[in-house]
Structures are given as structure tokens and as C-alpha cells.
Amino acid sequence: MTLRLYNTLTHRLEEFVPLAPPRVTLYTCGPTVWNYAHIGNFRTFVFEDVLRRYLAYAGYAVEHVMNLTDVDDRTIGAAARAGVRLAAHTAPFADAFFEDCRYLRIAPAAQYPRATRFVPQMVDLVQRLLDRGVAYRGDDGSVYFGIDKFPAYGRLSQVDRRELKAGARVSSDEYDKADARDFVLWKAAKPEDEAVGAAWDAPFGRGRPGWHLECSAMAQALLGETMDIHAGGVDLIFPHHEDEIAQSEAATGKPLARFWLHAEFLQIAGTKMSKRYGNIVTARDLREDGWDAAAIRTLFCSTQYRKQLQFTDDALRAAATGAARLAEFRARLASAPPGGGGGLPALARALEAAFGAAMDDDLDAPRALAALMDFVRDANRELDQEGGAAPASRDAALAAFDRVAEVLQVVPAPSAAVSITATSAPGAGSGAAAVAGEDPVPPAAGEDVAAWAERLARIRFAARGRKDWPRADRARTLLQEHGFEVRDTKEGVQVVPRRQVPGA
RNA sequence: GGUGCCGUAGCCAAGUGGUAAGGCAGAGGUCUGCAAAACCUCUAUUCGGCGGUUCGAAUCCGCCCGGCACCUCCA
């Protein structure tokens, strides 16, 4: 297996080889904790999660660092409006972010450095750049990076230096720079900054870090001068990552990152999701609506990360249906009766081969998902024909399925609710007899729903045994009304929570 | 104006020179008392348009049309 990734720095697909295998250092730009992150933000974070999970699947030891930006124009502005200190404003949103990550099954990074806790490192970096003469102090007391001192400037974003001058927003620049293209490293403290506690002392003047500075300082402090992969959203290519490269490499003389990966935007109604456009959907909105994170991740996996993704209710619903199919299959396979299933090990090998080939090709998740769907169909057919699977075959199939599912995280979590099979087997026999003449009734107030559902399953099973269809149907109708699905099998009556497709 | 990405069935989407994966939705069928789940069959003579290269193009080249994003603090 050879993993190839599209490197924004070189503008082509490259074979991924870490600097010091099996270790892979990964730095990803995290959220600005001024508000709740929206699912557009999370599309990128989920992509990064799939990336690191796949690297782990491929045998690498990933060291992942994700920063939290807790000081910038927006956090300061929001704190000022709320009349609280900066940290008081950002802390709840940082907590909310971690909560959302857990919901979306994003594996925790090894470290989540926050900008405000790395101010000394940032001050050091600015001082080094001043000492080297690539940074200068403006008349306003801020410190700027002079891009004419860094010839490689513009390599990542391919923005021609002359065109940059004609940039659309340059005229709105509010700072005192020698050249419009220069960017701020350290912003001189303003009263608004002081008011919320967003100002620090430095040899070159009291102030606060510019946007890009934190990533350069924290990445170097935690991962060293050169990391294997730096990832983020496409919007960060310019200026954020371009500027990170300039300030880091001007200070160290070494490449900041060997691979630069950028995820395309999630779109809603044809445009990017942004607070500016007021078309925000947050992770907590989706959670409150009852969506399983697997549905969201399935939707995200249905488009390769370098392509724009359309987020619509229909698409999410379709993804949820597909994800439910995976959970359905997982449960069926795990509880397959022994015997047969000789074809499963070969299917399992084919799954992992196809999955690896797809993911190796610049993390082609749609193809990887298709491989999983192929496997599910083929294995279901095998189970249909064989009526079961020998433990060794079953376990081989289960292991492959789980390894793949571990990377994508597209299988809905097993429900905490009941999954009951009422049978006439010994032990259940007495129960079946006891309910034989019972009429199905709705659960009593305060009654345990699981126990109630099990009793109705027994009632239906007994009724079916007597061909008492009206009673059997009443039991099923009641169960359906209470969110359960009823399946009659050779083994008995199975009652499972109805798969979750909100709004369907 | 500059830079980049993209346009494949009702919808999502893979495929980047050898004759159109997969999913969702829909139709029919097997199974079932009826269902559900699962499986089977069907649903693009065609890949935004027009030219060109080639034995052969969704795939390469040119032009055109359409969409999206970035161009100083947006993932």
C-alpha cells in the first residue's frame, strides 16, 4: 500500500513518506472559540479525523496537535460585547467544541494548545524575526513581517506578488504597514484589547499576537521545526498558511511542513456555510434533531475531501439510510448462526484491498464507502444462501468490517434501547405460555418500555404460532407506534428500535 | 482583474485513453399470513456544449457555457 496525498505546496499528488516512520506529526488548524463551530467547520475536522485514523490503520503512530484560537478579532469583539474577560467568553465555546467532537466521533488530538497559553513562545518567535531583520516595527507600535525578505512567499497559494497588490480587500486594511502585502505578527495593544484582558507585555511593546503567529509558535513548540502534515480548510491557504510558512521558515530556515492538505468547503444552497450569510447549521442542531453522527459522517464521506460538498436534508436523509444499512448488517453478521459462510474470508480480504486502494488514492472516501457497501451486499448474499457463518469465517468478516468502520466511523452506534428476540426456546417457553392469551396493550405509565416491548414480542410470537393474525397484528402495530420495528424470523419475533431518520 | 476547484442518471458520486462502480429514491420479483430486513432484476447508447488528436476519449488538447471558492484574520 502506498498512500498518495495531494500536496498543496507542490500542487500535485505525492507519495506520503513521513520524516521518521512510523511517527507522523500532524498539525491541524482548529476552531476559533468565539461561537459554536458549524458543520462546515466540522467537515474539515471530520476529514482530518479520517486522515489520522487512516494513517493509524496504515500502521503509523500519529501525533496529532490541534490548536484552539482563543484570541483574535472575533473572540475579543464577542467578549467585549458580552462585557466579560476574553477567557470567560472562550471557555464555554471550547467546552462545546469538545462536546461536539465527541458527538461526531472525532478522535481526540494528543494536544489542544490554546494561543493564550503560548504567548511567551510567540514573543520569542517575533523577537527572532526582528533580530533577523525580516520583521519591523510600524509607527503604530505593531510588528510586521516584511515579505520582500522572504523570496519563497506565495509558493503555497500561487498568488502572484504583483496581483496581491491589487487584492480586493487591501484598501480596507487598517494597519500601518510598509507594504500592503506585509502581515502583522504582533498587534499593538488597543484599549478594547486591554478591556477584555487580551494584551501581553513584550520587549517590542505591549500587544497581542497576530492571527498566524500562534500556529507557528505552537507547532514548533510541540512538534518541532518540521512536521509531516499540516492540514486545514481551503480558505486557510491564503493568507493564514502562507504567512505561517513565511514566519516559521524565516526563523528556522527549515520547511514548516512537508505536506499541506486542504479540505474544500461544505456548501448549503450553493454557497459556503458562514455566519456572514446566516446559513449556519451547528453540530448541536443536528444532534438535537436526533441525527446519529454516523449519518453525518456518511454524508461527508460521500464526497472526496477536495471537492465541495452539498449539505441538504435529502442528502443527509439518504446518508442516514445508508448508514442504517451498515448497522443492520453489522448486527446480522455478529449474531449469525454457526455453519457455512465459507466465502466470507475472501470477501473480507477483498474489502480491505479495495478500501486500502481507495484511501491510498488521496483518501477517496466515496470509493472506500462503495467498497464497504459492496462487501455488505456480497456478505448479505452469502448469509442468505448459507443461512449462517462458521465462527472463524464470521470473525474474519467482522474484523475486516470493523477495521474499515473504525477509520470512517460511519456505522451508527448500537442503540441503547432493546433488541429482543422472543422465542419458544427453553427459558422463554414459560413466558410464551404466560402471555399466550394476553391481549396487547400500550405500555402503562412508568412501565419499562424494554420489558413491555419484550412482552409484546412474546404475545406476537404466541399469536403467530396459533395463526391468530388479528392479535399478532395488534402487537406489531402497537410496537411500531412506540418506535419499534418488528421482524419475524425463523428463530422468533425480533423487536428492534426503528432506524433513525429524522424528518422522514 | 488574478488564482484555484468543479460540471457523469431524479439526487449524491466513483472512474483520468479501452468501451459507464456504489449509494439514495423509484418499478418489478424472491421470502413472508401480511409485513420488515435481506437478496435478485430493471432505471445514463452516454459523461455541460462545440471542435481536435487517436484504431479507440467521460478520460488528452483548444474554445465556449455554467457553478463554487480564495485574493489580509472565514474550516
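These values consider heavy atoms only, across backbone and side chains, with no hydrogens, waters or symmetry-generated copies. Naming: A, B, ... by sequence-line order, numbering from 1 per chain.
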Looking only at the side chains, is there a donor atom on one of A:Tyr153 and A:Asp243 sitting less than 3.5 Å from an acceptor on the other? yes
Between the protein and nucleotides 12-15 of chain B, list every N/O to N/O distance that falls short of 3.5 Å.
{"unit_1": "B:A14", "atom_1": "OP2", "unit_2": "A:Lys307", "atom_2": "NZ", "d": "2.7"}
{"unit_1": "B:A14", "atom_1": "O3'", "unit_2": "A:Asp364", "atom_2": "OD2", "d": "2.9"}
{"unit_1": "B:G15", "atom_1": "OP1", "unit_2": "A:Asp364", "atom_2": "OD2", "d": "2.8"}
{"unit_1": "B:G15", "atom_1": "OP1", "unit_2": "A:Arg367", "atom_2": "NH1", "d": "3.2"}

So, are A:Arg52 and A:Glu48 salt-bridged, with charged N and O less than 4.0 Å apart? no
Reckon A:Ala370 touches a base, only the sugar-phosphate, or nothing at all at heavy-atom distances under 4.0 Å? base
Would you classify A:Gly232 as touching base, sugar-phosphate or nothing, given that sugar-phosphate means primed atoms plus P, OP1 and OP2, and contacts are heavy atoms under 4.0 Å? sugar-phosphate
Using both distances under 3.5 Å as the test, list the Watson-Crick or G-U wobble partner of B:G7, or none. B:C65
Could you work out the separation of B:A58 and B:U16 based on their P atoms and round it to a whole Å? 13 Å
Among the nucleotides B:C34, B:A75, B:A38, which one has an atom lying closest to any side-chain atom of A:Arg460? B:C34
Ignoring hydrogens and angles, are the base of B:C34 and the side chain of A:Asp488 linked by a donor-acceptor pair under 3.5 Å? yes
Rounding to the closest angstrom, what is the interatomic distance between B:C24 and B:U19 at atom C1'? 27 Å
Just checking A:Thr298: base, sugar-phosphate only, or nothing, at a heavy-atom cut-off of under 4.0 Å? nothing
What is the nucleic acid contact for A:His11, judged by heavy atoms within less than 4.0 Å: base, sugar-phosphate only, or nothing? nothing
So does A:Pro113 get a backbone contact from the side chain of A:Asn67, meaning a donor-acceptor N/O pair under 3.5 Å? no
How far, in whole Å, is B:A13 from B:C65 if one measures between their C1' atoms? 23 Å
Tell which nucleotide pairs with B:G1, taking only Watson-Crick or G-U wobble pairs whose two distances are both under 3.5 angstrom. B:C71
Between B:C68 and B:A20, how far is it from one P atom to the other, in whole Å? 33 Å
Under 4.0 Å, counting only non-hydrogen atoms across every strand here, what does A:Arg306 touch: a base, just sugar-phosphate, or nothing? sugar-phosphate
For A:Asp235, answer base if it contacts any base atom (sugar-phosphate contacts may also be present), sugar-phosphate if it contacts only those atoms, and nothing otherwise; contact means non-hydrogen atoms under 4.0 Å. base
At less than 4.0 Å, is any side-chain N or O atom of A:Asn380 found next to OP1 or OP2 of B:A38? Yes or no. no
A:Phe401 and A:Phe329: ring pair (Phe, Tyr, Trp, His ring centres under 6.0 Å), yes or no, with the steps? CA-CA 10 Å; A:Phe401 180 90; A:Phe329 168 74; 5.4 Å; yes
Angle between ring planes, A:Trp260 versus A:His262, binned at 30° and 60°: parallel, tilted or perpendicular? parallel
Between B:G66 and B:A27, how many Å separate the two C1' atoms, rounded to a whole number? 33 Å
For residues 28-36 of chain A, which side-chain N or O atoms pair as donor and acceptor with protein atoms under 3.5 Å away, sequence neighbours left out?
{"unit_1": "A:Thr28", "atom_1": "OG1", "unit_2": "A:His64", "atom_2": "NE2", "d": "2.8"}
{"unit_1": "A:Thr32", "atom_1": "OG1", "unit_2": "A:Arg74", "atom_2": "NH2", "d": "3.0"}

With a non-hydrogen cut-off below 4.0 angstrom, is A:Leu266 in contact with a base, only sugar-phosphate, or nothing? base
Which nucleotide wins on minimum distance to the side chain of A:Thr32, given the candidates B:A36, B:A75, B:A21? B:A75
Taking only the side-chain nitrogens and oxygens of A:Arg325, find out if one of them lies under 4.0 Å from OP1 or OP2 of B:C39. yes
Given B:C24, B:C39, B:G33, which nucleotide is nearest the side-chain atoms of A:Ala318? B:C24
Under a 3.5 Å cut-off for both contacts, is B:A57 paired Watson-Crick or G-U wobble with anything, and if yes, with which nucleotide? none
Between A:Phe42 and the options A:Phe311, A:Phe265, A:Phe47, A:Phe97, the ring pair (Phe, Tyr, Trp, His ring centres under 6.0 Å) test singles out A:Phe97
If pairing means Watson-Crick or G-U wobble with both distances under 3.5 Å, then the partner of B:C34 is none
Salt bridge (Lys or Arg N to Asp or Glu O under 4.0 Å) for A:Asp488 and A:Arg460? Distances and angles first, verdict last. CA-CA 9 Å; A:Asp488 302 318; A:Arg460 176 170 168 85; 2.5 Å; yes
Taking OP1 and OP2 of B:G4, is either one under 4.0 Å from a side-chain nitrogen or oxygen of A:Gln158? yes
Applying the salt bridge (Lys or Arg N to Asp or Glu O under 4.0 Å) test to A:Asp362, which of A:Arg4, A:Arg306, A:Arg367 qualifies? A:Arg306
Suppose you measure atom C1' in B:A57 against the same atom in B:G18; what distance do you get, rounded to whole Å? 10 Å
So, for A:Asp364 and A:Gln304, which heavy atoms are closest and what is the spacing to 0.1 Å? CA-CG, 4.1 Å
Assign each of A:Lys467 and A:Asp72 to its nearest nucleotide of RNA chain B by heavy atoms, then name whichever residue's nucleotide is nearer the 5' end. A:Lys467
In terms of the nearest nucleotide of RNA chain B, which residue is placed more toward the 5' end: A:Phe45 or A:Ala319? A:Ala319
Who is the Watson-Crick or G-U wobble partner of B:G28, with both distances under 3.5 Å? B:C40
Using a heavy-atom cut-off of under 4.0 Å over every strand shown, decide if A:Thr489 touches base, sugar-phosphate, or nothing. nothing
Output yes if the stacking criterion (under 5.5 Å between centres, under 30° between planes) is met for A:Phe265 over the base of B:A75, else no. no
Assign A:Arg332 to base, sugar-phosphate, or nothing according to its heavy-atom contacts below 4.0 angstrom with the strands shown. sugar-phosphate
Send over the distance from A:Ile147 CD1 to B:U72 P, rounded to a whole Å. 12 Å
Look at all strands and tell whether A:Gly210 reaches a base, only sugar-phosphate, or nothing, counting heavy atoms closer than 4.0 Å. nothing
If I pick the C1' atom on B:U41 and the same atom on B:G52, what distance separates them, to the nearest angstrom? 41 Å
Measure distances between side-chain N and O atoms of A:Arg476 and base N and O atoms of B:C34, and say whether any donor-acceptor pair falls under 3.5 Å. yes
For atom P, what is the distance between B:A9 and B:G49, given to the nearest Å? 10 Å
Taking a pair to mean Watson-Crick or G-U wobble geometry with both distances below 3.5 Å, B:U45 pairs with none
With a 4.0 Å cut-off on heavy atoms, is A:Arg487 in touch with a base, just the backbone sugar-phosphate, or nothing at all? base
Answer for the Watson-Crick or wobble partner of B:A14, both distances under 3.5 Å, is none
